[in-house]
Undergrad: 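A single structure is presented below for examination.
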Amino acid sequence: MHLGPMTSSAVPHDISAAIPSPPISSFQLGPLTIHFYALCILVGIIIAIVLTNRRLTKRGVEDWQVLDIATLAVPMAIVFARIYHVITHYTDYFGPGRNPWNPFEPGSVWAIWEGGIAIFGSLIGGTLGAWIMCRRLGLKLTTLLDALAPGLILAQACGRFGNWFNQELFGLPTTLPWGLEIDPGNPAIPLGTPPGTLFHPTFLYEVIWNSLGALVLLYLGRKVFFQWGRLFAVYLMWYGAGRIVWESIRLDPSFVILGLRTNVWGAIGAVALGVAIMLIQWKRHPEPEESPFIPGREPEPAKD
């Protein structure tokens, strides 16, 4: 595996086995431009909602009540994800020659269809929105988060295909046969990189890791121990551990703090938070989570 700068002699001559990048990132539907990035996110959201609904109804929650939660949690997740990205990449949007505010020109802070949302921001916004709705509906947030965890990590896997269509967030040059082809002129390619260089397909690494994580979470979710938010803690640790690796080999610009990219710090924070939740909830709630409802907010039995 080659993770450092490549010389021209290191460039593979036969790239027939390489992973090609899609030639387009959008298509026209009448007057509308449909971006594959947005479709990947939409598919992920649908998967997460459907799977979460199935898991919640098994706990006794009303069928499709998850949609009520999603009406606030999903928009807040997207908004916070974009805000987090813009803040941690503000030089991409603000400064001489930049276009931060005009949505009809490329490069604005509003142009989410061009890529640029941060999962750590979405976790903050989505959790806040979910907490608000859970309080309104009388549901325990821990029950919702545990039900959400497998669908959430699958949604993240779907979203990474959007990065593939946008030819963004790829990794360092590599001579591995599954290297990713990137169109010449991509601004993330380092100057002086020889033509024909392949790059680590970090989107694919994360798709595989997240898909495996979903299987692990579905299995552990059958165990009583992984209630009270502890399954969501496993999600944070699993996702964070993988993200530390993928983020460390990505080429896209990022602020560096104490030698680490900001998203590496975010991933370390996710792992640490997961460990903290696991330990705290293990001590506070050794008993099974018998009811998904806040005490005193249980629904009344249906009358004949």
Side-chain angles (χ1 to χ4, degrees), residues 18-29 32-51 70 73-86 88-89 92-93 103 106-126 148 150-171 178-183 185-189 199-214 235 239 242-243 245-247 249-254 261 263 266-267:
I19 300 173
S21 287
I24 60 173
S25 61
S26 63
F27 63 92
Q28 293 297 130
L29 187 62
L32 301 176
T33 300
I34 308 299
H35 294 265
F36 289 109
Y37 185 85
L39 291 178
C40 292
I41 293 175
L42 180 60
V43 169
I45 291 172
I46 293 172
I47 290 174
I49 289 175
V50 170
L51 184 54
V74 171
M76 288 187 64
I78 294 174
V79 169
F80 274 68
R82 184 61 173 180
I83 291 173
Y84 186 104
H85 170 80
V86 171
T88 56
H89 295 78
D92 293 345
Y93 300 95
S108 75
V109 298
W110 318 106
I112 192 172
W113 52 87
E114 295 176 0
I117 58 174
I119 181 59
F120 301 117
S122 71
L123 288 174
I124 295 170
L148 172 65
L152 176 59
I153 202 167
L154 275 180
Q156 290 171 267
C158 291
R160 283 306 179 198
F161 283 105
N163 301 138
W164 180 47
F165 279 101
N166 280 0
Q167 298 195 38
E168 61 184 2
L169 310 187
F170 48 88
W178 56 80
L180 178 66
E181 296 180 46
I182 297 295
D183 290 344
N186 188 299
I189 297 177
F199 300 88
H200 280 284
T202 48
F203 86 92
L204 182 60
Y205 298 161
E206 192 163 331
V207 167
I208 295 172
W209 180 254
N210 289 356
S211 299
L212 289 174
Y235 154 77
Y239 178 75
R243 187 65 184 270
V245 177
W246 325 138
E247 192 70 31
I249 64 172
R250 275 177 23 181
L251 278 177
D252 54 296
S254 177
R261 294 161 61 94
N263 281 336

Undergrad: State, to 0.1 Å, how close Arg261 and Arg250 come at their nearest heavy-atom pair, and which atoms those are.
TA: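 Nearest pair, atom of Arg261 first, then Arg250: NH1-O, 3.6 Å.
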Undergrad: Check Ala157 against Val207 and note the closest heavy-atom contact, atom names and distance.
TA: O-CG2, 3.4 Å
Undergrad: Please round to the nearest 0.5 Å and tell me the distance separating atom CD of Gln28 and atom OG1 of Thr33.
TA: 3.5 Å
Undergrad: Hey, does Gln156 have a side-chain heavy atom less than 4.5 Å from the side chain of Trp209?
TA: no
Undergrad: I'd like to know if the side chain of Ser21 reaches the main chain of Glu181, judged simply by a donor and an acceptor atom lying under 3.5 Å from each other, with no hydrogens or angles considered.
TA: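 Looks like yes, one N/O pair under 3.5 Å.
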Undergrad: Roughly how far, to the nearest 0.5 Å, is NE2 of His85 from OG of Ser254?
TA: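 One gets 10.0 Å once the value is rounded to the nearest 0.5 Å.
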Undergrad: Just how far is it from atom CD1 of Ile182 to atom CZ of Phe199, taken to the nearest 0.5 Å?
TA: 7.0 Å
Undergrad: If you compare all heavy atoms of Asn210 against all heavy atoms of Ile153, which two are closest, and at what distance to 0.1 Å?
TA: CB-O, 3.5 Å
Undergrad: Would you say Thr202's side chain and Ile249's backbone share a donor-acceptor pair under 3.5 angstrom?
TA: no
Undergrad: Would you say Leu169 and Trp246 make side-chain contact, with heavy atoms under 4.5 Å?
TA: no
Undergrad: Flag the pair Ile119 / Tyr239 as yes when at least one side-chain heavy-atom distance between them is below 4.5 Å, and no otherwise.
TA: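 Yes, their side chains come closer than 4.5 Å.
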Undergrad: For a 4.5 angstrom cut-off between non-hydrogen side-chain atoms, does Phe170 reach Ile19?
TA: no
Undergrad: Side chain to side chain contact (heavy atoms under 4.5 Å, CB included) with Cys158: which of Ile47, Leu39, Ile46?
TA: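 With Cys158 as partner, side chain to side chain contact (heavy atoms under 4.5 Å, CB included) holds for just one option, Ile47.
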Undergrad: Assign the ring pair Trp164 / Phe161 to parallel, tilted or perpendicular, where the plane angle (0 to 90°) is split at 30° and 60°.
TA: perpendicular
Undergrad: Quick check: do Phe203 and Phe165 have side-chain heavy atoms less than 4.5 Å from each other?
TA: no
Undergrad: CD1/Ile124 to CE/Met76 distance, rounded to the nearest 0.5 angstrom?
TA: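 Separation between the atoms: 10.5 Å.
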Undergrad: Can you tell me how far the OG atom of Ser26 sits from the CG atom of Asn166, to the nearest 0.5 Å?
TA: 9.0 Å
Undergrad: Quick check: does any side chain N or O of Gln167 sit under 3.5 Å from a backbone N or O of Asp183, one acting as donor and the other as acceptor?
TA: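 Yes: the side chain of Gln167 pairs with the backbone of Asp183.
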Undergrad: Can you see which heavy atom on Pro201 is nearest to which on Leu180, and at what distance?
TA: CB-CB, 4.0 Å
Undergrad: To the nearest 0.5 Å, what is the distance between CZ (Phe80) and OG (Ser122)?
TA: 11.0 Å
Undergrad: What are the two closest heavy atoms between Ala70 and Ile49, and how far apart are they?
TA: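 Heavy-atom minimum between the residues: CB-CD1, 3.9 Å.
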Undergrad: Phe120 and Asn263: which non-hydrogen atoms are nearest, and at how many Å?
TA: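 Smallest heavy-atom distance, with atoms named: CE1-O, 3.6 Å.
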